[in-house]
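Because the structure is predicted, anything quoted here is derived from the model rather than measured.
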Amino acid sequence: AQYNLAIMYKDGRGVTQSEEDTIRWLEKAAKKNHALALFMLAAILEKNGNKAEKILDYYRKSSKQPKDSEDALFALGQIYEKGQLKVTPN
């Protein structure tokens, strides 16, 4: 339900579009290890230029979920391959 609320705020469906509210609801869903919420939160933070450690933490947590983790795995691969976010590949 929290992830769905985040999407509603992201898209402005039935509520006023708000990135702040989107992030707030994504964070609530992410605390419950919701893979898509973790992924979307990382993507928003990356777009906004937030701390690399936090972004990587969300992508990594998302990639470890048993369902809906493919996008996070791809994003991590891209970050490591391109050397983005000042990350050294292992």
Side-chain angles (χ1 to χ4, degrees):
Q2 293 165 332
Y3 175 75
N4 291 336
L5 278 170
I7 297 304
M8 290 173 68
Y9 278 106
K10 177 186 166 288
D11 296 338
R13 284 189 269 151
V15 295
T16 301
Q17 193 171 17
S18 167
E19 186 171 272
E20 182 180 310
D21 287 323
T22 299
I23 292 170
R24 182 168 54 91
W25 285 107
L26 286 173
E27 287 174 338
K28 289 176 185 267
K31 286 180 183 175
K32 296 180 180 178
N33 289 322
H34 188 285
L36 294 174
L38 287 160
F39 172 77
M40 186 176 288
L41 192 52
I44 289 171
L45 294 176
E46 186 176 3
K47 177 188 80 164
N48 292 342
N50 285 274
K51 294 182 182 177
E53 300 85 25
K54 195 171 207 177
I55 294 165
L56 288 171
D57 182 51
Y58 285 134
Y59 278 141
R60 286 179 181 137
K61 285 180 182 176
S62 178
S63 72
K64 293 178 182 177
Q65 301 309 307
K67 183 178 163 188
D68 297 322
S69 61
E70 300 85 7
D71 289 335
L73 287 167
F74 182 78
L76 278 172
Q78 292 290 312
I79 288 168
Y80 289 128
E81 179 183 42
K82 295 177 182 177
Q84 296 171 319
L85 300 176
K86 298 181 183 178
V87 175
T88 305
N90 294 345

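I7 and I44 fall within the same hydrophobic cluster, where Ile, Leu, Val, Met, Phe, Trp and Tyr residues are linked whenever their side-chain heavy atoms come under 4.5 Å apart, directly or through other members. With hydrophobic clusters built from ILVMFWY side chains whose heavy atoms lie under 4.5 angstrom apart, I55 shares a cluster with Y80. Linking ILVMFWY side-chain heavy atoms closer than 4.5 Å, directly or via other members, places Y9 and L45 in two distinct hydrophobic clusters. In the hydrophobic clustering of this structure, F74 does not group with L76; members are Ile, Leu, Val, Met, Phe, Trp, Tyr whose side-chain heavy atoms approach within less than 4.5 Å, directly or through other members.
Minimum interatomic distance between A35 and K67 (heavy atoms only, all atoms of both residues): CB-O, 3.2 Å. The two residues A72 and S63 have their closest heavy-atom pair at CB-N, 3.7 Å.
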Inset, instruction - Show your working on side chain to side chain contact (heavy atoms under 4.5 Å, CB included) between D57 and L38 and close with a plain yes or no. - result: CA-CA 9 Å; D57 182 51; L38 287 160; over 6 Å; no
Inset, instruction - Mind running side chain to side chain contact (heavy atoms under 4.5 Å, CB included) on K31 and Q2 for me, showing each step along the way? - result: CA-CA 10 Å; K31 286 180 183 175; Q2 293 165 332; over 6 Å; no
Inset, instruction - Before giving the answer on side chain to side chain contact (heavy atoms under 4.5 Å, CB included), spell out for W25 and M8 the whole-Å C-alpha distance, their side-chain angles and the decisive distance to 0.1 Å. - result: CA-CA 10 Å; W25 285 107; M8 290 173 68; over 6 Å; no
Inset, instruction - Might you work through the side chain to side chain contact (heavy atoms under 4.5 Å, CB included) test for N48 and E19, ending with a clear yes or no? - result: CA-CA 11 Å; N48 292 342; E19 186 171 272; 3.0 Å; yes
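For the atom pair OG of S62 and CG of L73, the computed distance is 7.5 Å after rounding to the nearest 0.5 Å. For the atom pair NZ (K28) and CG (L41), the distance works out to 13.0 Å, reported to the nearest 0.5 Å.
Residues F39 and Y58 place their aromatic rings such that the two centres sit no closer than 6.0 Å.
When each of D21, T22, L26 is checked for a side chain to side chain contact (heavy atoms under 4.5 Å, CB included) with R24, only D21 meets the rule.
Note on ring orientation: taking the six-membered ring where Trp is involved, the planes of Y3 and H34 are parallel (angle under 30°, cut-offs 30° and 60°).
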